[in-house]
Chemist: 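Below is one structure. I have some questions about it.
Convention: sequence-line order gives letters A, B, ...; per-chain numbering from 1.
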Amino acid sequence: MSRSDSFTIATWNINSVRLRRGLVESFLTTHAPDVLCLQETKCLNDQFPAKAFAKLGYEHVALNGQKAYHGVATLSRIPFATVDRRDFCRMGDSRHVETTVDVAGTRLRIHNFYVPAGGDEPHPAINPKFAHKLQFLDEMRQITTDTGEHDAALLVGDLNVAPLENDVWSHRQLLRVVSHTPVETETLEDMRTGAGWLDLMRLRVPPSEKLFTWWSYRARDWAASNRGRRLDHIWGSDALEGALADMSVLTEARGWEKPSDHVPVVARFAL
DNA sequence: ATGACGATCCCAGATCGA
């Protein structure tokens, strides 16, 4: 590809891709990212509506699905150079798919993650789901930004942790709520910095401002109460900081008909 | 916020999400 190409990536926890195929189609048509990373697809690979997305130009798809739970998928208009999937915690869950694409002479590695939610009780000794989440985050330390000289890397997805005080509607009230407990936020931030990742969303929106990507289905009026959390993330290797041209959270998507409880996050780079 | 919602699956109440 030529020098100085624009590259756009989006990440979206879709909460069933079959139920919300129309929303994905509408998003792809309107926002036209080069790559879309989906989480919680909740279907087997042969049930994934790949043909519908191929019709819109997304001919390349890397799937890691399972029945009813979890599942990730990466859709692309650009051919994948490589595709890989990793198992974490030896659980056999479908929570990661890794692809590479070549853009403007750069090989871009894209990790798409769905980190375990962690259950209700934030104590690993009494809640195996929370222990699994912490172990998963610990194993993610091996996903580093180490790439070749002309390469760059992205790590995106639903990480199920809101690390900063303004990543939740009330820091004080959520300190003992799973997704914002100190052990989670510290583990996530230590893992992120240790592996060399930059929190690209927070390079654009200062930590002093509230920033959410998820709002509970249980609120009577999600927009009025605005009790959100930033659970979805776009991380990048050093080379991508200077290349970041635009970053947006598509808050309006939470108000669409039969919405996901998460909204898309979009980043554009001038590579 | 210990959930009023929503999705899934051997179709109906349990389980999961966060």
Chemist: Looking at residues at least two apart in the chain, or sitting in another chain, which of them share a salt bridge (charged side-chain N to carboxylate O under 4.0 Å, His left out) with A/Glu186?
Modeler: none
Chemist: Over 60° means perpendicular and under 30° means parallel, so tell me whether A/His31 and A/Phe27 are parallel, tilted or perpendicular.
Modeler: parallel
Chemist: Heavy atoms only, 4.0 Å cut-off, all strands: where does A/Trp169 land among base, sugar-phosphate and nothing?
Modeler: base
Chemist: Roughly how far apart, to the nearest Å, are B/dA12 and B/dA7 at atom C1'?
Modeler: 14 Å
Chemist: Between B/dC16 and B/dT2, how far is it from one C1' atom to the other, in whole Å?
Modeler: 15 Å
Chemist: Among all residues two or more places apart in sequence or in another chain, which pass the ring-ring contact (aromatic ring centres under 6.0 Å, His included) test with A/Tyr69?
Modeler: none
Chemist: For B/dC10, does the O4'-C1'-N9-C4 or O4'-C1'-N1-C2 angle fall within 90° of 0, making it syn, or is it anti?
Modeler: anti
Chemist: Considering only atom C1', compute the distance from B/dA18 to B/dG3 and round it to an integer number of Å.
Modeler: 11 Å
Chemist: Across nucleotides 8-18 of chain B, 5' to 3', mark each nucleotide with B, S or - according to how protein heavy atoms within less than 4.0 Å reach it.
Modeler: SSS-----SBB
Chemist: My understanding is that only residues two or more places apart in sequence, or in another chain, count here; which of them pass ring-ring contact (aromatic ring centres under 6.0 Å, His included) with A/Tyr114?
Modeler: A/His70
Chemist: A/Arg20 near the nucleic acid: base, sugar-phosphate alone, or nothing, with a heavy-atom cut-off under 4.0 Å?
Modeler: sugar-phosphate
Chemist: Specify the separation, in whole Å, of atom CH2 of A/Trp215 and atom C1' of B/dG6.
Modeler: 18 Å
Chemist: With rounding to the closest Å, how many angstrom separate the C1' atoms on B/dC10 and B/dA14?
Modeler: 14 Å
Chemist: Holding to ring-ring contact (aromatic ring centres under 6.0 Å, His included), I want the full list of residues that pass it with A/His111, two or more places apart in sequence or in another chain.
Modeler: A/His96
Chemist: Strictly by salt bridge (Lys or Arg N to Asp or Glu O under 4.0 Å), give each pair with a member in residues 153-164 of chain A just once, sequence neighbours left out.
Modeler: none
Chemist: Could you measure between the two C1' atoms, the one in B/dA4 and the one in B/dG17, and give it in whole Å?
Modeler: 16 Å
